[in-house]
Amino acid sequence: MFFDPFLVTFSFGVGILGAMFGGTQTFICTGFAGVVVYVLKAAGVEPTLLGDSVLNTLLLPAIIFNGSAVATAVAARKYPQIEGWDITRSLIFTHDPLIMLVGGAAGTVGYLLFSLFSYLGIPTDAGAVAIVLVGVIVRLTLSTGRKWNPDATQYYREEGVRYWVFQIINCVAVASVFAFILAETGPAFYGVGFSISALLLIFGYAGDGQKVPTTHQITAVVGTTLTLTGGNVVLAVLFGTISNVIYLVSAKYFNEDCSTHIDGPAVGIAITTLLLNLIF
């Protein structure tokens with residue numbers, strides 16, 4: 001059997017937590033837990049309980065993030081002050097039991113998809129695919145507004161080449177720094193870049209609320225590339241950049257100002273990881 005019956009029930013509760021606290025907030029917690037796990041590993045402590053029960057179950061984005069995303073989509077149909085694509089909001093203010101139950105159901109579906117994809121050994125990131133698939137299903141079934149953003153094309157025309165030069169410079173900087181550091185630390189720590197990127201999103205809630213860049217679609221792929229290529233830094237930077245471009249395009253066209261959430265970073269990670277596995 002590809003799933004654990006206990007975790008089916010457990011993931012229902014986790015999905016409710018996602019709806020209660022918000023997708024970005026819980027993802028930041030995922031990053032924090034990941035950093036703690038890697039710090040303990042560096043100290044020579046094997047954090048089995050923290051890694052298995054907390055990081056890979058309670059805070060697994062395929063479960064808790066999906067809970068938030070789907071609950072937000074349903075809440076947007078009932079409450080006009082909620083935008084269906086914005087997973088940064090806690091839904092606790094709705095006092096709506098249906099919204100919480102939807103989050104729980106989405107968490108269970110996310111767990112089952114993640115477990116199935118892991119069991120089948122699909123050649124890409126099982127968690128990212130579970131998030132993208134749930135997002136697409138929700139868009140096709142629950143969307144009451146824009147299914148894609150037609151303004152994206154005009155945005156890119158107005159920004160011009162300067163926009164892409166700016167994005168590539170920033171991406172190469174992030175990918176290079178993490179690739180060099182991770183290549184030195186060794187395979188056991190290739191995943192820490194993803195955790196650091198997730199944790200850094202906390203600064204989007206600090207001070208005046210200035211947004212910070214999303215980088216986990218870069219650092220996750222950098223770690224995967226290093227794993228599959230035996231530590232090749234140049235390829236890690238290249239594929240990290242490819243993932244970021246996919247993220248930018250998918251987020252602008254199929255997430256921002258749309259009726260539900262389709263996670264751009266997950267799209268970038270899923271597609272680029274598939275390319276990596278097919279090539280290497």
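Of all the heavy atoms in Val129 and Ile122, the pair that sits closest is CG2-CD1, 4.2 Å. In plain terms, the two heavy atoms of Leu91 and Thr72 that are nearest each other are CD1-N, 3.6 Å. The minimum heavy-atom distance linking Gly193 with Thr219 is given by the pair O-OG1, 3.2 Å. In plain terms, the two heavy atoms of Thr273 and Thr124 that are nearest each other are CB-OG1, 3.5 Å. The two atoms that bring Val212 and Phe203 nearest to each other are CG1-CB, 3.7 Å, heavy atoms only.
Within the 6.0 Å centre-distance limit, the rings of Tyr163 and Tyr156 are counted as a close aromatic pair.
Taking Asn149 as the reference, Arg146 meet the side chain to side chain donor-acceptor pair (under 3.5 Å) condition, with sequence neighbours excluded.
Although no hydrogens or angles enter the test, the distance criterion places no donor-acceptor pair under 3.5 Å between the side chain of Thr144 and the main chain of Arg77. Looking only at distances, a side-chain donor or acceptor of Thr30 sits under 3.5 Å from a matching main-chain atom of Leu59. With hydrogens and angles ignored, the 3.5 Å screen pairs a side-chain donor or acceptor of Arg139 with a backbone N or O of Phe254. A distance-only check finds no donor-acceptor pair linking the side chain of Thr272 to the backbone of Ile269 [under 3.5 Å]. A donor-acceptor pair under 3.5 Å is absent between the side-chain atoms of Ser243 and the main chain of Phe239, judged by distance alone.
A 4.5 Å side-chain heavy-atom check between Ile82 and Phe93 finds at least one atom pair inside the cut-off. Taking the side chain as every heavy atom from C-beta outward, Val136 and Ile262 approach each other to under 4.5 Å.
More than 12 heavy atoms of other residues, nucleotides or ligands shown are found within 6.0 angstrom of CZ on Phe280.
Taking the six-membered ring where the residue is Trp, Phe27 and Phe65 present perpendicular rings, their angle passing 60° and hence far from 30°.
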Just distance, no hydrogens or angles: give the donor-acceptor pairs under 3.5 Å from side chains in residues 171-190, sequence neighbours left out.
| from | atom 1 | to | atom 2 | distance (Å) |
| --- | --- | --- | --- | --- |
| Ser176 | OG | Val172 | O | 2.6 |
| Thr185 | OG1 | Leu182 | O | 2.9 |

